[in-house]
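The next block holds one structure in the form of C-alpha cells; read it before the comments.
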Amino acid sequence: MRAVAVSEFGATPALMNLPEPEPGPGEVLVKMVAAGLNPVDWKIADGMLKDAVDHAFPLVMGTDGAGVVEAVGPGPADEGAAFRPGDQVYGQFFMAPRGLGSFAEYAIVTPGAAVARMPEGMIYSQAAAVPTATTTAFNMVEKTGLDEGQTVLVVGATGGVGQSTVQLAADRGAKVIATARPGMADEMRRLGADEIVDHGLGDLNEQVLRAHADGIDVIIDMVSDQAGVDRLAALLRPGGTYISPLWSVNPDKMEAQQLRGLNFNNEATPELLTEIAELIDAGRLRVMVHDEASLADAPAAIMRSRAGGSHGKTVIRL
Ligand SMILES: NC(=O)c1ccc[n+]([C@@H]2O[C@H](COP(=O)([O-])OP(=O)(O)OC[C@H]3O[C@@H](n4cnc5c(N)ncnc54)[C@H](OP(=O)(O)O)[C@@H]3O)[C@@H](O)[C@H]2O)c1
C-alpha cells in the first residue's frame, strides 16, 4: 500500500510502498479515504514519544482519519470487532509499536480505540479533520469549567484546536476573545468570537486590557511557552484559570497568584467522538477544512505545518 512514513526519528517524511497491515482478533482493517494532519504527527516522527512507547520503522505517520471497514480479523464474530465491513468510521488510528498510522491506504482499529461510526451527514474530509483537534478543544473547555457570561482568551484560535475551542466556548455562552491575524478575523467572528486581538502586532496584554481593564476569567493557550504564559497570566482576575496543552503552565506559581494553572493531555474516546458528531449534526459546531493534499503531496503539507505555515485543518486525500 502507499503510505507516508519516516525511516527513523527525525527523518524527512516520504511516500513509500509498504505491506498492507493484517487485522488480528477483534481488530478491523479500514480502507482510508481521508486523513487529518495535526502538529502531533510530526512531533511523534521527531521522537516526542520515543522514551514512552516502542516505535516500529518505517513508521507510518498520521493519527486522524476516516474510511470504510474492509475486513474483520479472525475469531468468533460475537467476540470480535465492534465494526462490520462497510461501516464508515472516523477517529484515531496511530499505533507506534506496529508502525501504523492514518497517512496510508489502510489502517487498523484495535478494540477500544478512539474510533466511532461516522455520522450520517458527515463527509470523509470533514470527519478526518475532527478527532484530535476537536476532542482536545472539547476536553479543555470542559476542564476549565468555563461558564456562561465569563470572558475567555483563546490563544492560537485560528489553528485546528483553536477553531473548535472558539465555537465550543461561545456555545457555552462565554464572551470569546480570539487571536487572529487580520485575514482570519472575519472567520473567527463567524465561529463565535466577540473580539479579535492580533498576535501579529505583538503584545496581547495591552490589546486585551483595553476592553477588559478588570481582567478576564479563563485563558486557553495553544501557543505560549512558559515565559509567554507568565506574561499573559497577568490578564486573569483572582480565581481565573489558565490551561496549556503544551505543558507551559507552572501550577504552583499560578496558585501563589491565586490562579488555577492546568497542563493538559488529551484523551479521545469513541463516546466523545459520537458526542461531537451530534454537535456537528445539530449545527452547533462547524468543521472547516482549509487545505487538502494528495498523499503524494502530504510530505510537503507536513513540512508546512512544522514551519508554522498552516491555518486550520489540512486533510490528506487517500
Ligand atoms: N497536549 C495535547 O494533548 C495536545 C492535543 C492537541 C494539540 N496539542 C498541541 O497544541 C498546539 C496547537 O495545535 P493545533 O492543531 O491547533 O495547531 P495548528 O493547527 O498548527 O495551529 C496553530 C495556530 O497557532 C497560531 N499562532 C502561532 N503563533 C501564535 C501566537 N504567537 N499567538 C497566537 N496564535 C499563534 C497560528 O496562526 P498564525 O500562523 O496566523 O500565527 C495557527 O493558526 C500544537 O502544538 C499541538 O501539538 C496538544
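In what follows, residues are counted from 1 in the order of the sequence shown. Keep in mind it's a predicted model, so treat the numbers as computed, not measured.
Using a 30° and 60° split on the angle between ring planes, H55 and F9 fall in the perpendicular class, above 60°.
In summary, the side chains of N266 and T135 do present a donor paired with an acceptor at a separation below 3.5 Å, with no hydrogens or angles considered.
Side-chain contact check for Q126 versus Y90: every heavy-atom pair is 4.5 Å or farther apart. N265 places a side-chain heavy atom less than 4.5 Å from the side chain of W247.
Although no hydrogens or angles enter the test, the distance criterion places a donor-acceptor pair under 3.5 Å between the side chain of D194 and the main chain of V176. Panel note: side chain S102, backbone T63; a donor-acceptor pair is recorded below 3.5 Å. Side-chain atoms of S244 come within 3.5 Å of backbone atoms of S248 as a donor-acceptor pair (strictly under, hydrogens ignored). A donor-acceptor pair under 3.5 Å is formed between the side chain of D225 and the backbone N or O of G228. When atom types are taken as modelled, the side chain of D198 and the backbone of G200 share a donor-acceptor pair closer than 3.5 angstrom. Judged by distance alone, the side chain of T274 and the main-chain N or O of P270 form a donor-acceptor pair under 3.5 Å. Using modelled atom types, no side-chain atom of D54 and backbone atom of P97 make a donor-acceptor pair closer than 3.5 Å. Although no hydrogens or angles enter the test, the distance criterion places no donor-acceptor pair under 3.5 Å between the side chain of Q92 and the main chain of P131. One N or O on the side chain of N205 and one on the backbone of R231 form a donor-acceptor pair closer than 3.5 Å. In this structure, T179 contributes its side chain and V197 its backbone to no donor-acceptor pair below 3.5 Å.
In this structure, A107 and M32 approach most closely via the heavy-atom pair CB-SD, 3.7 Å. Scanning both residues, V289 and A129, for their nearest heavy atoms gives CG2-CB, 4.2 Å. Taking all atoms of both residues into account, the shortest heavy-atom contact from L146 to A174 is CD2-CB, 3.7 Å. The two residues M222 and G162 have their closest heavy-atom pair at CE-CA, 3.8 Å. The shortest non-hydrogen separation linking F103 to G36 is CE2-O, 3.6 Å. Across A66 and M118, no two heavy atoms sit closer than the pair CB-SD, 4.0 Å.
If you chain together hydrophobic residues whose side chains sit under 4.5 Å apart, Y124 and V315 never meet in one group. Criterion: ILVMFWY side-chain heavy atoms under 4.5 Å apart, direct or through other members. Under it, V161 and F94 are not part of a common hydrophobic cluster. When hydrophobic clusters are built by joining Ile, Leu, Val, Met, Phe, Trp and Tyr residues whose side-chain heavy atoms come closer than 4.5 Å, directly or via intermediates, I177 is grouped together with L209. The cluster map of Ile, Leu, Val, Met, Phe, Trp and Tyr, joined by side-chain heavy atoms under 4.5 Å apart, puts L153 and M254 in the same cluster. By the rule that hydrophobic residues join a cluster once side-chain heavy atoms approach within less than 4.5 Å of another member, I302 and F93 end up as members of one cluster.
Atom CD of E20 has more than 12 heavy atoms from other residues, nucleotides or ligands within 6.0 Å. The 12-atom threshold is not exceeded at CD of E255, counting heavy atoms of other residues, nucleotides or ligands nearer than 6.0 Å.
Salt bridge status for D214 with R237: absent, with no side-chain N to carboxylate O gap under 4.0 Å.
Taken from CD in Q207 to CD1 in I196, the straight-line distance is 10.5 Å, to the nearest 0.5 Å. Taking CG of L168 as the start and CZ of F138 as the end, the distance is 7.0 Å to the nearest 0.5 Å. Going from atom CG of L262 over to atom CD1 of I243 covers 5.0 Å, rounded to the nearest 0.5 Å. The CZ atom of R181 sits 9.5 Å away from atom CG of L201, with the distance rounded to the nearest 0.5 Å. The distance from the CG atom of L232 to the CG atom of L235 is 6.0 Å, given to the nearest 0.5 Å. Considering CE of M61 and CG of L37, their distance stands at 7.5 Å, rounded to 0.5 Å.
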- request: Could you please spell out the steps behind the side-chain contact (heavy atoms from CB on, under 4.5 Å) verdict for V72 and F83?
  value: CA-CA 8 Å; V72 177; F83 304 115; over 6 Å; no
Derivation and outcome, salt bridge (Lys or Arg N to Asp or Glu O under 4.0 Å), residues R172 and D147: CA-CA 6 Å; R172 285 189 169 216; D147 224 341; over 6 Å; no
Test side-chain contact (heavy atoms from CB on, under 4.5 Å) applied to L295 and I316, step by step: CA-CA 6 Å; L295 194 58; I316 295 156; 4.0 Å; yes
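Here the rule is side-chain contact (heavy atoms from CB on, under 4.5 Å) with V89, and of V30, V28, V68 only V30 fits it.
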